[in-house]
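Owing to the predicted nature of the structure, the values given are computational and were not obtained by experimental measurement. Position 1 is the first residue of the sequence, and the numbers go up from there. The figures here come from the full heavy-atom set of this structure, side chains too, leaving out hydrogens, waters and symmetry mates.
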Amino acid sequence: MHNRKISLTLTASVAAALSTMLLCASASAQTDSGLPPILRDMPQSGSMCKNERLPGASLSGGGRADGGLEAGCALPVSGAAAFLQKNGAAVIDTRHESDFLQFHIANAMRVDAASIRLKTHLRDKPLLLVGDGKSDRELYGACGRLRAQGFKSVQVLMGGMAGYFAKELPVSGPGAPDAFESARLDPAQLWAQSQFPESLVVVMNSPASAELLPLAPRVSISSDTALRALAGAVERRRKEQKAVLANVTVVVDGAMSEAMFRQYSQVVAPTPLLVYTGGAPALKSFLRSQEAAWAAHARGPKQPRCG
């Protein structure tokens, strides 16, 4: 009888512990569900209910997150045709499936960036990773990891599909946009580019946007010096960085014509060009919402302590 009481007591204790763990895990899931992917995907620290580690870069642009572009990972669009002629070459499109179905490089296969390492049959093949050109930092990191894991030949298409369109190369699918539209950034994508060390963000005659992106070079221009100013900023960065420049983002107030986009593209070539014309108010609104989300995430869920 005494042993039975001990057993029942232990069972009740285990049940209580499991209940607390489930409550904490549930709270964490509920708290994370409304957060952007960059926050949801952060690894948890010692507690089951709260992630303590925030990315190193502040949202206001006070510092860039660590990053690096491994030598040999970047392949200019001009080299894509030669790459595809390699024996067994495979194009890995990492964009969302809906985008892939609309348009993609002929014979490309769609695979999430995180799942490529599981495709062991691709280890000995030349692989070209392709993104949208607006958020390819992850792909450059994946390139280095895959090489370290034994994949013999991995490269990233510089500029992704946006850069591919800019060279007017053919694609498969029913809904390909034009090069200008595919190079446009929203506020979230602009901020991401400003935190990528291998990306150059040039703010042109937009003081309000420059205040929100203090790391970006400020270029004061007039209509007759715009191209020269952009060329100078790009050349200075190339000399300072002494490495591959993944892309150039131009931030302007107001509309940009397709003709101007093509002129800017020629100036920064062979580096891919991205553009932001959404204005400072939209960027400021995005930064405020993200600051609030990060602050809420840092506080953690209001549930019993775990871990």
Side-chain angles (χ1 to χ4, degrees), residues 26-45 47 49-67 95-96 99 131-139 141 160 162 180-221 233 246-256 273-303:
S26 174
S28 178
Q30 291 175 1
T31 302
D32 288 352
S33 62
L35 295 173
I38 191 173
L39 299 181
R40 290 200 303 269
D41 296 340
M42 285 191 296
Q44 295 182 345
S45 56
S47 168
C49 289
K50 181 180 178 181
N51 290 339
E52 298 287 356
R53 188 171 69 86
L54 290 175
S58 67
L59 278 171
S60 60
R64 295 189 183 203
D66 292 335
R95 296 174 302 143
H96 192 276
D99 295 326
D132 60 7
K134 304 174 184 180
S135 53
D136 287 352
R137 181 176 184 170
E138 177 188 3
L139 291 189
F180 185 30
E181 287 302 318
S182 68
R184 288 178 179 270
L185 300 179
D186 61 29
Q189 292 165 335
L190 171 61
W191 180 80
Q193 292 301 325
S194 75
Q195 303 301 302
F196 185 17
E198 280 73 32
S199 174
L200 171 64
V201 178
V202 180
V203 181
M204 289 190 161
N205 230 20
S206 179
S209 294
E211 290 299 323
L212 298 172
L213 298 167
L215 290 178
R218 301 187 187 195
V219 180
S220 182
I221 63 170
N247 55 56
V248 174
T249 297
V250 171
V251 179
V252 298
D253 276 343
M256 175 186 285
L273 177 70
L274 300 171
V275 297
Y276 176 77
T277 59
L283 178 58
K284 188 172 184 178
S285 176
F286 163 76
L287 292 175
R288 283 179 173 172
S289 67
Q290 291 298 87
E291 290 281 12
W294 283 34
H297 194 70
R299 289 194 297 270
K302 298 179 180 180
Q303 292 292 331

Any non-hydrogen side-chain atom of R137 less than 4.5 Å from a side-chain atom of P197? yes

Between atom CG of L274 and atom OG of S182, what is the distance when rounded to the nearest 0.5 Å? 8.5 Å

Give the table of side-chain donor-acceptor pairs shorter than 3.5 Å for residues 247-254, with sequence neighbours excluded, one pair per line with atom names and distance.
| unit_1 | atom_1 | unit_2 | atom_2 | d |
| --- | --- | --- | --- | --- |
| N247 | OD1 | S199 | OG | 2.6 |
| N247 | ND2 | Q193 | OE1 | 3.2 |
| D253 | OD1 | S206 | OG | 2.9 |
| D253 | OD2 | S206 | OG | 3.1 |

Output, in order, the C-alpha distance, side-chain angles, deciding distance and verdict of side-chain contact (heavy atoms from CB on, under 4.5 Å) for V201 and Y276. CA-CA 10 Å; V201 178; Y276 176 77; over 6 Å; no

Applying side chain to side chain contact (heavy atoms under 4.5 Å, CB included), can you list everything that pairs with A192, at least two apart in sequence or on another chain? none

Please enumerate all residues that pass side chain to side chain contact (heavy atoms under 4.5 Å, CB included) together with A208, with sequence neighbours excluded. A280

Contacts of E181 that satisfy salt bridge (charged side-chain N to carboxylate O under 4.0 Å, His left out) - sequence neighbours left out: R184

Is there a donor-acceptor contact under 3.5 Å from the side chain of D136 to the main chain of L139? no

With sequence neighbours excluded, what pairs up with A246 under the side chain to side chain contact (heavy atoms under 4.5 Å, CB included) test? L69, Y140, F196, E198

For S135, all residues meeting side chain to side chain contact (heavy atoms under 4.5 Å, CB included), sequence neighbours excluded: D132

Nearest 0.5 Å, what's the CG-CZ distance between L212 and R288? 9.5 Å

Minimum heavy-atom distance between V202 and A233, given as atom pair plus value: CG2-CB, 4.2 Å

Is there a donor-acceptor pair closer than 3.5 Å between any side-chain N or O of S285 and the backbone N or O of A282? no

Can you tell me how far apart CH2 (W191) and CG (L185) are? Round to the nearest 0.5 Å. 14.0 Å

